[in-house]
Student: 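This is the structure I want to talk about, given as structure tokens.
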There are 2 protein chains.
Amino acid sequence: MTAAHFSRPPTAQEAVLTEVRRLLVTGDLAPGTPVRQEALAERLGVSRVPVREALKVLEGEGHIVYTAHRGYLVAELSVDDLVEVYRLRDLLEAEAIRAAFPHLDDTNLTAITNAARAVDDADWRGDLAGIGTANRVFHFALFDLAAMPRLSRTLRQLWDATDVYRAVYFAEARNRARVHDEHMELIAALHDRDVERAIAAQAAHRDNSVAAVREALTRSTPQAAGGFDPAR
Amino acid sequence: MTAAHFSRPPTAQEAVLTEVRRLLVTGDLAPGTPVRQEALAERLGVSRVPVREALKVLEGEGHIVYTAHRGYLVAELSVDDLVEVYRLRDLLEAEAIRAAFPHLDDTNLTAITNAARAVDDADWRGDLAGIGTANRVFHFALFDLAAMPRLSRTLRQLWDATDVYRAVYFAEARNRARVHDEHMELIAALHDRDVERAIAAQAAHRDNSVAAVREALTRSTPQAAGGFDPAR
DNA sequence: GTTTTGAATATTGGATCCAATACTGTTAGC
DNA sequence: GCTAACAGTATTGGATCCAATATTCAAAAC
């Protein structure tokens, strides 16, 4: 029996990658702010080399933008971007759900239901970050059933693009309650094996959140939160 | 007047990136073969650092796969992958064409027509690599009209995934003739401002090429072409 | 003959150092 | 007062070196 669960990242770049992703999601690295290699490296106790490689991955995924000799900036989302992201999610999530249905059985339906419960648990605990991750686990438990890796990957990228702004959505109790209800509706549709209803539920769920993100976006320029600021 | 057009890459990593992309498209770096950092660095006259950063970008884009301490392999396409790629192209290209139509005017229709002519020119010249790039310019001249950058980017990634195999398609004169006819049909649909016909033309065009790629894929395991082999 | 151990080799991962470029603030010129 | 040249600083880009890990292959144990 191996102790595979305790596996710390085998490379420093992976550790950096994980940490920077966290900083991006939590908003410690706010959109528009420069990402300083030295500051990140020092904070994580590594040299700049693994930092640079991790940043390249994030560049390839579109989370940060790069200019030669000027470095990296956290990608900013324009309203046009947001509209595009949600249009693409509309198309691709519908496809994912459609493709997932033939693979839907009692086992993975239970898993999905448990994932929804985990969202609620994080809510009870008042763990905002936990809600975000649990919410994603819930939705991708369904999407990944489609067994279409590229589709899953693309969807994850689209989700990532708005994650920075989604935090504000979960901050309001009213939104959290609505999310709970919408998750229940989606699960009910899955129980009834009703594809179109599931797709509609997902679409409604998505449309409700886009409004919140759009508002967060148009509201005055985002500022770096109080925490660590690798910009300086 | 500046000589901006002659701008060589401002960084070595970009030069490496360009070159590796070329190697991937031409098949010099065949699917499944390892990508050796040292060999690439030596060939391009740089150290391993910019090579590693370029490879990270390609990893982020899914062109090569990475395992810690074992390095990079050129991503292989399974038949399942291929089916997925074309299903996603089906969805996304239809969306791109739909979104492009409102922006379609005489100016960019002329540009698209010229791009189609460039494909034929490359054909007359017997320039197989030229056909591939001109073909892509033609199709993305239309897709990019949608003014949906993420959609364009995703489509490019999907095209990239099969580019390695598409070379064999253009190798046959019969296929090249068919491509010409299909391009003409697509342009005719654009001229008539007939969205559905354009989408159908694109779908037929795509379906014809997928069969060829599928065959190339199922045919015995791909081997590295005669050229440079960075695998050793 | 098969499996296992271990040393030698190949390859990748990371740290440090130096070079190249961009940015900032100051001063000189008008 | 405004602009332009310039020096100093900050930051990124790249090369070299060493460490860590994986692979290979031969020899020993069973």
Side-chain angles (χ1 to χ4, degrees), chain A residues 2-4 6-21 23 29-30 32-60 63-75 224 228-232, chain B residues 2-4 6-21 23 29-30 32-60 63-75 224 228-232:
Chain A
T2 62
F6 290 142
S7 64
R8 56 160 171 71
T11 62
Q13 21 178 317
E14 278 195 48
V16 174
L17 198 49
T18 304
E19 176 64 5
V20 176
R21 281 195 214 276
L23 290 174
L29 273 174
T33 59
V35 181
R36 298 292 173 220
Q37 304 173 3
E38 186 72 46
L40 267 176
E42 194 176 355
R43 173 181 165 86
L44 303 177
V46 297
S47 87
R48 274 175 50 222
V49 175
V51 169
R52 279 157 61 175
E53 301 200 7
L55 294 181
K56 277 294 166 204
V57 174
L58 294 168
E59 183 204 353
H63 298 124
I64 56 182
V65 294
Y66 167 78
T67 314
H69 300 289
R70 290 213 277 175
Y72 299 88
L73 294 179
V74 180
F228 162 66
D229 183 4
R232 23 164 305 126
Chain B
T2 62
F6 292 141
S7 64
R8 57 162 170 70
T11 61
Q13 23 177 313
E14 278 194 48
V16 173
L17 198 48
T18 305
E19 176 64 6
V20 176
R21 280 194 214 276
L23 291 174
L29 272 174
T33 59
V35 181
R36 298 291 171 219
Q37 303 173 3
E38 186 72 46
L40 267 176
E42 194 176 356
R43 174 181 164 86
L44 303 177
V46 297
S47 84
R48 274 175 49 220
V49 174
V51 169
R52 279 158 59 175
E53 301 199 7
L55 294 181
K56 277 292 165 204
V57 175
L58 294 168
E59 182 204 354
H63 298 123
I64 57 182
V65 294
Y66 166 77
T67 313
H69 300 289
R70 291 213 278 176
Y72 300 89
L73 292 180
V74 180
F228 160 67
D229 182 4
R232 22 164 305 125

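Below, read A as the first sequence line, B as the second, and so on, with proteins coming before strands; counting in each chain starts at 1.
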Student: Measure the distance from CG on B:Leu55 to C1' on C:dG13 and round it to the nearest whole Å.
Tutor: 13 Å
Student: Whether the side chain of A:Arg48 and the base of D:dG13 hold a donor-acceptor pair under 3.5 Å is what I'd like checked.
Tutor: yes
Student: Nearest to the side chain of A:Ser47, which nucleotide is it out of C:dA15, C:dG13, D:dG14?
Tutor: C:dA15
Student: Do B:Val57 and B:Glu53 have side chains that get closer than 4.5 Å, going by heavy atoms?
Tutor: no
Student: Taking atom P of C:dT12 as reference, at what distance in whole Å does atom CD of A:Gln13 sit?
Tutor: 12 Å
Student: Would you say D:dG13 has OP1 or OP2 under 4.0 Å from some side-chain N or O of A:Tyr66?
Tutor: yes
Student: Between A:Val49 and B:Glu38, which is nearer to the 5' end of DNA chain C once each is assigned its nearest nucleotide?
Tutor: B:Glu38
Student: Quick check for you: to the nearest 0.5 Å, what is the distance between A:Ser47 atom OG and A:Glu38 atom CD?
Tutor: 9.5 Å
Student: Consider the side chain of A:Thr11, meaning its heavy atoms from C-beta on, and name the nucleotide among C:dA15, D:dG14, C:dG13 that approaches it most closely.
Tutor: C:dG13
Student: With a 4.0 Å limit, can you tell me whether B:Gln37 has a side-chain N or O closer than that to the phosphate oxygens OP1/OP2 of C:dA10?
Tutor: no
Student: A:Val46 pairs by side-chain contact (heavy atoms from CB on, under 4.5 Å) with which of A:Thr11, A:Val51, A:Leu40?
Tutor: A:Val51
Student: Would you kindly give the OH-to-P distance between A:Tyr72 and C:dT21, to the nearest whole Å?
Tutor: 17 Å
Student: Go through C:dT21, D:dA15, D:dT12 for me and flag the one nearest to the A:His69 side chain.
Tutor: C:dT21
Student: Please give, in whole Å, the distance from D:dG13 C1' to B:Arg52 CZ?
Tutor: 14 Å
Student: At under 4.0 Å between heavy atoms, what does B:Glu53 touch on the DNA or RNA strands: base, sugar-phosphate, or nothing?
Tutor: nothing
Student: Taking only side-chain N and O atoms of B:Arg36, does any of them lie within less than 4.0 angstrom of OP1 or OP2 on C:dT12?
Tutor: yes
Student: Measure the distance from CG on A:Leu44 to C1' on C:dG13 and round it to the nearest whole Å.
Tutor: 16 Å
Student: Find the distance between NZ (B:Lys56) and CD1 (B:Ile64) and round it off to the nearest 0.5 Å.
Tutor: 8.0 Å
Student: With heavy-atom distances below 4.5 Å as the criterion, would you say the side chains of A:His63 and A:Leu29 are in contact?
Tutor: no
Student: So, OP1 or OP2 of C:dT21: does either fall under 4.0 Å of a side-chain N or O from A:Arg70?
Tutor: no
Student: How long is the line joining CD of A:Glu14 and P of C:dT12, in whole Å?
Tutor: 16 Å
Student: Send over the distance from A:Leu73 CG to D:dT12 P, rounded to a whole Å.
Tutor: 10 Å
